[in-house]
**Student:** 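Let me give you the structure first, and then I'll get to my questions.
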Amino acid sequence: MASITIYDGAESIGGNKIYVEDGGRGVFLDFGMNFARRNAFFDEFLSERDGRGIHDLIKLGMIPRIDVYRRDLIPSDLDELVPSFSRLRPEAVLLSHAHLDHSGNMGLLDPAIPIMASATSVAILKAMRDVGPADVTQDVAYISLRKREGNGLFLKTDRKEAYKGRQFCCPEGCRSELCDFLSDRPGSGGKNTKAFDGCGICEELSLPFEVKSYNVNHSIYGALAYVLRSDEVSIAYSGDFRIGDDAKQLPDFMREAKNASVLIIEGTRAGREGDAEVTEPMVYDTCRAAVEDTKGLIIADFSSKNFERLETFRRIAGETGRQLVVTAKDAYALYAMECADGVCRTKGLLVYDEISDKTRRKYETDTLASKCPIEYVSHMQIHDDPDRYILCFSFFDMKHLLDIWPEGGSYIYSACEAFTEEQEIDFVKLKNWLDFFKIRPHGFRFTDDGLVFEKGYHASGHASLRELAFVIDKVDPDALIPVHTENHKWFAENWGHVRPVKNGEMLTL
């Protein structure tokens, strides 16, 4: 008997954890973090306790009660509870892409569960782990094992045990440079450092389904859609996608999905009537006009993983006589992707020379310095010649302006709108920074009615209503399951074969 159980992501945007099973064997489609649920309890200064493993997440219902988690993350006061969890046998996670709302809880999973993903996604996950904080949400590419202290309530990092790499499968193959990148951890091998076992990599897994993957257009490189087949069932999973200006491979997915009986499709923008369809060329036109209208320093704010937007601003910088400046973390992610696909994206970029203790940033002082030489630009150089640069900073980089000390300029906000009260509060703080340095904002403004976002500065990574309808009509599945959405009503009003599933519900096929 085949079934689909959506443990998370059925009623929210993000957090997808979809278990597909046939004959007692199954796979997960993504295993992401549900930010809506997390933000209901936590914020920047109140977070889950890393030393308590999965305790806080289980108690608050932020992860499902299923027996798939790392044993080293289970404190002693969960010992009696864990045996009551549903027993699953996931043989892999099929990752659609490396955004945290699809990958952010994979670090909690038993390390014996391999991850199938594109080579680009694998490279991004490894880069995120290399530069990220030492907490369980980052333990995807490799794991820092914990051990119980005292009565077992507190879990402490085991400094004697080597970092344990996960097993990855890249359906399209893996370049030797990516294999080398996955086998090395910045700073490993030094005196008094933990050993690193390295990540495993293969091109094929023995799974309960025949799995085919398809590249799709999204706001992060390396996004995949999947089609799964067994003797009992055929299922198509879109992941997150958009048609946009270049969706050459989407017809391949739709052609294969037409033969599937079930289509699991994202619906982020479902029901957003009047939602503007902004494309990347439109973003280029809008942002270039803002750059041409600016004298002084320009700051471009967009998602750190939106590499397509980075290329847009690289083009704008070149055409307007400026140079694009990125952070060292961004440069490292670009180097990681080069290991995956052979495309050099750091050439011609400058890296901001942050005033910090670089001895703690081995990814920068060791890996980048030896394998991807970068050219730095200092705060004084930017201060002395602000018309020469476009600086890729976010709200959390505003503190560096105290070193650069710009005199006017523009801040181009080219990311998604704020959807929570906490995010809107951040924009109030951002405005204070910009007002202090007399920097003019583009892409948002404050009015008597509150925070308003200006159209044309950001293109969504998700399918519009028109694009969703186009794909669903072309595929014409027997059963349609919307996920990654807060609006099942829109699907039910337009198609008669919608099978709405709530979190935790099983759909037998």
Side-chain angles (χ1 to χ4, degrees), residues 12-14 35-36 39 43-44 99-101 218-220 240 242 244-245 266-294 297-313 316 390-398 401 409-468 484-487 490:
S12 61
I13 295 175
F35 282 99
N39 292 340
D43 61 22
E44 183 182 357
H99 280 150
L100 289 177
D101 63 332
H218 187 39
S219 56
I220 187 173
D240 287 356
R242 63 186 175 192
D245 307 290
E266 73 126 315
T268 306
R269 298 168 68 184
R272 293 184 185 176
E273 298 295 341
D275 192 14
E277 291 194 38
V278 180
T279 64
E280 199 64 28
M282 294 167 65
V283 172
Y284 160 80
D285 290 337
T286 306
C287 293
R288 172 161 178 169
V291 170
E292 291 177 334
D293 190 42
T294 298
L297 180 64
I298 293 173
I299 300 172
D301 181 353
F302 51 91
S303 168
S304 61
K305 301 182 189 68
N306 193 338
F307 303 106
E308 183 178 42
R309 191 65 42 76
L310 185 146
E311 292 302 325
T312 292
F313 276 99
I316 292 172
I390 297 178
L391 189 55
C392 297
F393 270 7
S394 71
F395 165 66
F396 299 101
D397 296 308
M398 287 297 96
L401 294 185
S410 287
Y411 189 99
I412 302 175
Y413 183 73
S414 186
C416 62
E417 299 180 5
F419 293 105
T420 67
E421 184 178 347
E422 290 79 7
Q423 290 173 320
E424 291 190 4
I425 292 173
D426 285 343
F427 275 90
V428 174
K429 297 176 183 177
L430 173 59
K431 182 178 183 298
N432 291 337
W433 280 96
L434 301 182
D435 288 347
F436 184 86
F437 288 104
K438 296 181 175 59
I439 295 174
R440 180 162 54 118
H442 297 262
F444 75 95
R445 67 182 187 276
F446 281 91
T447 69
D448 293 339
D449 296 324
L451 178 61
V452 175
F453 290 91
E454 299 167 342
K455 301 299 182 183
Y457 288 91
H458 175 64
S460 174
H462 301 277
S464 66
L465 297 180
R466 178 186 60 82
E467 292 171 336
L468 286 171
H484 206 280
T485 185
E486 296 175 342
N487 196 332
W490 180 81

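The figures here come from the full heavy-atom set of this structure, side chains too, leaving out hydrogens, waters and symmetry mates. Position 1 is the first residue of the sequence, and the numbers go up from there.
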**Student:** Taking F35's backbone N and O only, do any of them form a donor-acceptor pair with N39's side chain (distance below 3.5 Å, no angle check)?
**Tutor:**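 Confirmed, N39 side chain pairs with F35 backbone.
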**Student:** Measuring from atom OG1 of T312 to atom CE of M282, what distance do you get when rounded to the nearest 0.5 angstrom?
**Tutor:**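 Reported value, rounded in 0.5 Å steps: 13.0 Å.
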**Student:** Determine the minimum heavy-atom distance between T294 and I298, stating which atoms define it.
**Tutor:**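 T294 and I298 have their closest heavy atoms at CG2-CG1, 3.7 Å.
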**Student:** Between L451 and E424, what is the shortest heavy-atom contact and its length?
**Tutor:**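 What the structure gives for the nearest pair is CD2-CG, 4.1 Å.
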**Student:** Are any non-hydrogen side-chain atoms of L401 and I439 less than 4.5 angstrom apart?
**Tutor:**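 Yes, their side chains come closer than 4.5 Å.
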**Student:** Please determine which of H484, E467, H218, E266 meets the side chain to side chain donor-acceptor pair (under 3.5 Å) test together with H462.
**Tutor:**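 Testing each of H484, E467, H218, E266 against H462, the sole residue satisfying side chain to side chain donor-acceptor pair (under 3.5 Å) is E266.
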**Student:** As a quick check of understanding, evaluate side chain to side chain contact (heavy atoms under 4.5 Å, CB included) for F302 and C392, giving each step before the final call.
**Tutor:** CA-CA 8 Å; F302 51 91; C392 297; 3.8 Å; yes
**Student:** Please give me the minimum heavy-atom distance between D101 and G14, naming the atom from each residue.
**Tutor:**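 What the structure gives for the nearest pair is OD2-CA, 3.5 Å.
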**Student:** Would you give me the side-chain donor-acceptor pairs under 3.5 Å for residues 430-438, sequence neighbours excluded?
**Tutor:**
unit_1, atom_1, unit_2, atom_2, d
K431, NZ, D435, OD2, 2.7
N432, ND2, V428, O, 3.4

**Student:** What pair of heavy atoms forms the shortest contact from Y411 to F393, and how long is it?
**Tutor:**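 Closest heavy-atom pair between Y411 and F393: OH-O, 4.1 Å.
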**Student:** Could you give the distance from CD1 (I299) to CD1 (I390), rounded to the nearest 0.5 Å?
**Tutor:**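 If I round to the nearest 0.5 Å, the distance is 11.5 Å.
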**Student:** Side chains of P441 and Y413, heavy atoms from C-beta outward: is any pair under 4.5 Å?
**Tutor:**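 The answer is no; the side chains never approach within 4.5 Å.
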**Student:** Under the side chain to side chain donor-acceptor pair (under 3.5 Å) test against H458, which residue among E417, E280, R309 passes?
**Tutor:**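 Filter result, single survivor: R309.
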**Student:** Evaluate side chain to side chain contact (heavy atoms under 4.5 Å, CB included) for W490 paired with L465, printing each intermediate quantity in order.
**Tutor:** CA-CA 9 Å; W490 180 81; L465 297 180; 3.6 Å; yes
**Student:** What I'd like to find out is whether the side chain of E308 reaches to under 4.5 Å of the side chain of V283, using heavy atoms alone.
**Tutor:**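 With C-beta onward as the side chain, the pair stays apart.
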**Student:** Within the structure provided, determine whether C416 and F453 are in side-chain contact (heavy-atom separation under 4.5 Å).
**Tutor:**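 C416 vs F453: side chains apart.
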**Student:** Looking at R288 and I316, what are the two nearest heavy atoms and their distance?
**Tutor:**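 So the two residues come closest at N-CD1, 3.6 Å.
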**Student:** Could you tell me whether R445 and E454 have a side-chain N and a carboxylate O separated by less than 4.0 Å?
**Tutor:**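 The answer is yes: the pair qualifies as a salt bridge.
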**Student:** Restricting to non-hydrogen atoms, name the atom on C287 and the atom on S414 that form the minimum distance, rounded to 0.1 Å.
**Tutor:**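 Closest heavy-atom pair between C287 and S414: SG-OG, 4.2 Å.
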